[in-house]
Amino acid sequence: MKVGILGTGQLALMMAQANQGLGLEIIPFGGKGGKFLSSVCAPVEGDLNDQTAVDAFIDSVDVVTYESENTPVDSLIKNAEKIAPTLDALKLFQNRLLEKNFLVEQGLKTVNYQLLSTPEELDEAATTIGFPAILKTVTEGYDGRGQCLVKSLDELKAGFDELNQYCIMEGFVDFDQEISIVAVRDKQKNIAFYPVAENFHRSGQLRLSIVDGEHPLQKKAEDAIRNLLEKLDYVGCMAMEFFVKGDQLLVNEMAPRVHNSGHWTMDGADQSQFYLHIKAVAGQAISTPVISQPVAMVNCIGDMPADTAKYDRLDFVSVYDYGKEPRAERKVGHINVLGNDQSKAEFFNTLAAMLDEANETSLADLMRDRATSV
């Protein structure tokens, strides 16, 4: 079976790498990929906005998935039956207003939000939502792009002018914790849940994810994502991000794809999110993964650490280089750390040292605090 992937970035790379043992042919389609992509599959270079090229590519494969919720929907409509996850899910989750309205309709809690489509609506939103708040574009935003923190009406007006399109204003949440859950559903309606990960962001980008024991809100998170998977008759991997306030979960954002906060599954599970996603979209039945804990993922932002060779001798550390050119704020790789062969204190101290190298001083200090408290 030929599985097409719309996109040639690191998620396509990791899906192609996960194909080992499945016997599928993985074919990514898009712009020029990183230097490692062609070593594990045969990507097809093309423009995702070129309808003729997209049609020809889809005709050449049996099923198609995608690596970004910003994938153009209109070019896929005529081939909707070949796309997994569904176009309904893609259309929902690439539009923040549709997404939030849908979540509320399903009985899930979100932060307070309001659509801003004209300058005249800003005064009302300043009163209704209040400050501080987060201003986000309705479409196209990711990794902290297309959003800004606003603390006054003047900043709101400036942010609205800068983003220059429909926006959503979201109330700022003084949360206790950020978490996410990744789940996969197949065509046979089986659902596999991964453990909740605790996430740490800076400037809107994920810097660290940790899975350490069963989270007290695991069942609530599973119930929330199961609701959406079944409602959408979803096939493939889905991620759901939450703010935690006490015992309450507020849904922050959704992703209809494999997700950065699930990259730890490449080493912390016997079946990664990429492996189960590819199995599901190819029509194969999935099973519940076996998990190793604790496990953590450190994102490499901007460039890879100067000396990754030192990790080669450590069985509990795995380095993933995406083969991308270094660039400010760009995700160029990640490092997974397993706690199996370390004490809990050693595990957190290992994370602290990596975070120091990544200039994540505050996070490194937090990990050292955890090391001394276990």
Side-chain angles (χ1 to χ4, degrees), residues 10 132 134 142-145 147-149 172-182 194-213 215-217 239 241-245 250 252-253 255 259-268 292-308 310-311 314 316-322 324 326-340 342-374:
Q10 68 263 24
I134 307 293
Y142 68 99
D143 275 352
R145 296 167 177 82
Q147 61 180 267
C148 58
L149 174 67
F172 187 83
V173 178
D174 183 21
F175 52 82
D176 302 325
Q177 195 180 50
E178 287 183 274
I179 64 171
S180 62
I181 187 169
V182 172
Y194 287 99
V196 161
E198 181 183 8
N199 299 323
F200 301 86
H201 293 76
R202 183 168 62 80
S203 302
Q205 279 191 311
L206 181 65
R207 306 290 165 151
L208 172 68
S209 289
I210 298 175
V211 174
D212 182 17
H215 194 280
L217 296 175
E241 296 179 292
F242 304 90
F243 297 125
V244 177
K245 190 69 176 175
L250 301 174
N252 178 27
E253 291 185 344
H259 192 256
N260 194 185
S261 69
H263 288 3
W264 64 266
T265 63
M266 297 171 75
D267 297 284
S292 298
Q293 297 187 50
V295 59
M297 180 216 65
V298 177
N299 264 337
C300 301
I301 309 292
D303 55 22
M304 294 296 293
D307 179 19
T308 58
K310 63 186 176 185
Y311 299 127
L314 302 177
F316 55 84
V317 176
S318 298
V319 178
Y320 297 90
D321 184 338
Y322 304 155
K324 291 183 171 184
R327 192 174 69 203
E329 303 308 312
R330 189 182 208 184
K331 292 177 183 173
V332 296
H334 72 271
I335 302 174
N336 285 344
V337 182
L338 286 170
N340 305 46
Q342 308 176 83
S343 69
K344 194 68 76 70
E346 288 171 331
F347 172 74
F348 286 117
N349 279 325
T350 299
L351 289 179
M354 288 181 180
L355 291 163
D356 276 332
E357 290 185 2
N359 296 315
E360 298 290 344
T361 307
S362 296
L363 269 181
D365 288 343
L366 178 60
M367 293 302 105
R368 275 186 283 270
D369 288 342
R370 291 194 178 186
T372 59
S373 65
V374 295

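Just so it is clear, the values below take in all heavy atoms, side chains as well, and ignore hydrogens, waters and symmetry mates.
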Stepwise side-chain hydrogen bond (donor to acceptor under 3.5 Å, both in side chains) check, H215 with Q177 | CA-CA 11 Å; H215 194 280; Q177 195 180 50; 2.7 Å; yes
Show your working on side chain to side chain contact (heavy atoms under 4.5 Å, CB included) between R207 and I301 and close with a plain yes or no.
-> CA-CA 8 Å; R207 306 290 165 151; I301 309 292; 3.6 Å; yes
Test L217 against V196 for side chain to side chain contact (heavy atoms under 4.5 Å, CB included), laying out the working first.
-> CA-CA 8 Å; L217 296 175; V196 161; over 6 Å; no
Verdict with reasoning, F200 to E178, per side chain to side chain contact (heavy atoms under 4.5 Å, CB included) = CA-CA 7 Å; F200 301 86; E178 287 183 274; over 6 Å; no
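Considering CG of N260 and NE2 of H201, their distance stands at 8.0 Å, rounded to 0.5 Å. In this structure, CD1 on I179 lies 11.5 Å from CZ on F243, to the nearest 0.5 angstrom.
Between L351 and V298 the shortest side-chain heavy-atom distance falls below 4.5 Å. A heavy-atom distance below 4.5 Å is not found between the side chains of F348 and D369. Counting heavy atoms from C-beta on, the side chains of L208 and M297 never come closer than 4.5 Å. Between Y320 and I335, the closest side-chain pair of non-hydrogen atoms is not below 4.5 Å. Between F242 and I181 there is a side-chain heavy-atom pair separated by less than 4.5 Å. Residues N349 and M367 are not in side-chain contact: their nearest non-hydrogen atoms beyond the backbone lie 4.5 Å or more apart. In this structure, the side chains of F316 and T350 come closer than 4.5 Å at one or more pairs of heavy atoms. Side-chain contact between Y311 and V319 is present, with at least one heavy-atom pair separated by less than 4.5 Å.
Counted by atom type alone, H263 and Q10 present zero donor-acceptor pairs between their side chains at under 3.5 Å. Side chains of S318 and D267: a donor-acceptor N/O pair is present below 3.5 angstrom, by distance only. Between the side chains of S261 and E241, no donor N or O sits under 3.5 Å from an acceptor N or O.
Ion pairing between a basic and an acidic side chain is recognised when a charged N comes within 4.0 Å of a carboxylate O; R202 and E329 show no such pairing. Using a 4.0 Å cut-off between a side-chain N of Lys or Arg and a carboxylate O of Asp or Glu, E198 and R370 qualify as a salt bridge.
The minimum heavy-atom distance between A296 and F347, with the atom names listed, is CB-CZ, 3.8 Å. Closest of all the heavy-atom pairs between M266 and N336 is CB-ND2, 4.0 Å. Residues P195 and W264 share a closest heavy-atom pair of CD-CH2, 3.6 Å. Minimum heavy-atom separation, D212 to P294: OD1-CB, 3.7 Å. Counting all heavy atoms, side chain and backbone alike, N199 lies closest to S180 at ND2-OG, 2.9 Å. Residues V211 and Q293 share a closest heavy-atom pair of CG1-OE1, 3.4 Å.
A search for side chain to side chain donor-acceptor pair (under 3.5 Å) contacts involving D365 returns R368, not counting sequence neighbours. In this view, R330 and K324, E325, R327, V332 satisfy the side-chain contact (heavy atoms from CB on, under 4.5 Å) rule, not counting sequence neighbours.
A donor-acceptor distance shorter than 3.5 angstrom exists from the side chain of K245 to the backbone of D174, with no hydrogens or angles considered. Not a single donor-acceptor pair under 3.5 Å links the side chain of T265 to the backbone N or O of G268. Checked by atom type and distance alone, the side chain of N299 pairs as donor or acceptor with a backbone atom of L206 at under 3.5 Å. A donor-acceptor contact shorter than 3.5 Å is absent between the side chain of T308 and the backbone of P305.
In summary, the aromatic rings of Y322 and H334 are positioned with their centroids under 6.0 Å apart.
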